[in-house]
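Okay, structure first, notes after.
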Amino acid sequence: MSTKEKVGIVISNKMSKTATVAVKTKVSHKKYQKILTRTRKYKVHDENDSCQIGDIVKIQETRPLSKTKCWTLITKIGTLHNN
């Protein structure tokens with residue numbers, strides 16, 4: 001079984017070694033066929049505290065690291081804002 005990978009935006013990095021990443025997915029409505037955007041927040045293990053708010057990151061599913069954290073940071077792809 002392959003591990004799941006997702007791309008999202010860091011929305012919080014206030015916790016120690018943990019970042020919150022928002023992942024947006026597009027789904028089609030069954031009846032009306034309208035494209036809807038769904039947002040899901042994941043707690044991600046960030047060992048070096050390298051993430052900043054607005055970074056675009058790739059995350060990977062892993063074993064449970066705490067009660068709510070079962071994703072880990074793979075790479076930083078870029079940043080949302082150019083500061």
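Worth knowing before you read on, the calculation uses all heavy atoms, side chains too, and leaves out hydrogens, waters and symmetry mates. Keep in mind that this is a model prediction, so the values were computed, not measured.
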| Atom CD in E61, atom SG in C70: separation rounded to 0.5 Å? |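 Rounded to the nearest 0.5 Å, the CD-SG separation comes to 6.0 Å.
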
To the nearest 0.5 Å, atom CD1 of I9 lies from atom NZ of K24 at 6.0 Å

Under the 4.5 Å side-chain heavy-atom rule for ILVMFWY, direct or indirect, which residues accompany V23?
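V23 clusters with V10, V21, Y42, V44, V57, I59, W71, L73.
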
- Task: Each residue besides L65 in its hydrophobic cluster should be listed here, by chain and number; the cluster joins Ile, Leu, Val, Met, Phe, Trp and Tyr at side-chain heavy-atom distances under 4.5 Å.
- Result: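 None; L65 is a cluster of one.
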
*Going by atom types alone, do K69 and T18 pair a side-chain donor with an acceptor below 3.5 Å?*
yes

What pairs with [X] under side chain to side chain contact (heavy atoms under 4.5 Å, CB included), at least two apart in sequence or on another chain?
{"X": "Q33", "answer": "S28"}
{"X": "L36", "answer": "V27, H29, K34, R38"}
{"X": "E5", "answer": "K58, Q60, I74"}

Expected list for residues 46-56: side-chain donor-acceptor pairs under 3.5 angstrom, two or more places apart:
unit_1 : atom_1 : unit_2 : atom_2 : d
D46    : OD1    : S50    : N      : 3.4
D46    : OD1    : S50    : OG     : 3.3
D46    : OD2    : S50    : N      : 3.0
D46    : OD2    : C51    : N      : 3.1
E47    : OE1    : H45    : NE2    : 2.9
E47    : OE2    : K17    : NZ     : 3.1
D49    : OD1    : K17    : N      : 2.9
D55    : OD2    : Q52    : N      : 2.8

(request) Begin with the C-alpha distance, continue with both residues' side-chain angles, and end with the deciding distance and a verdict on side-chain contact (heavy atoms from CB on, under 4.5 Å) for K41 and I11. (result) CA-CA 9 Å; K41 293 192 288 188; I11 57 173; 3.4 Å; yes

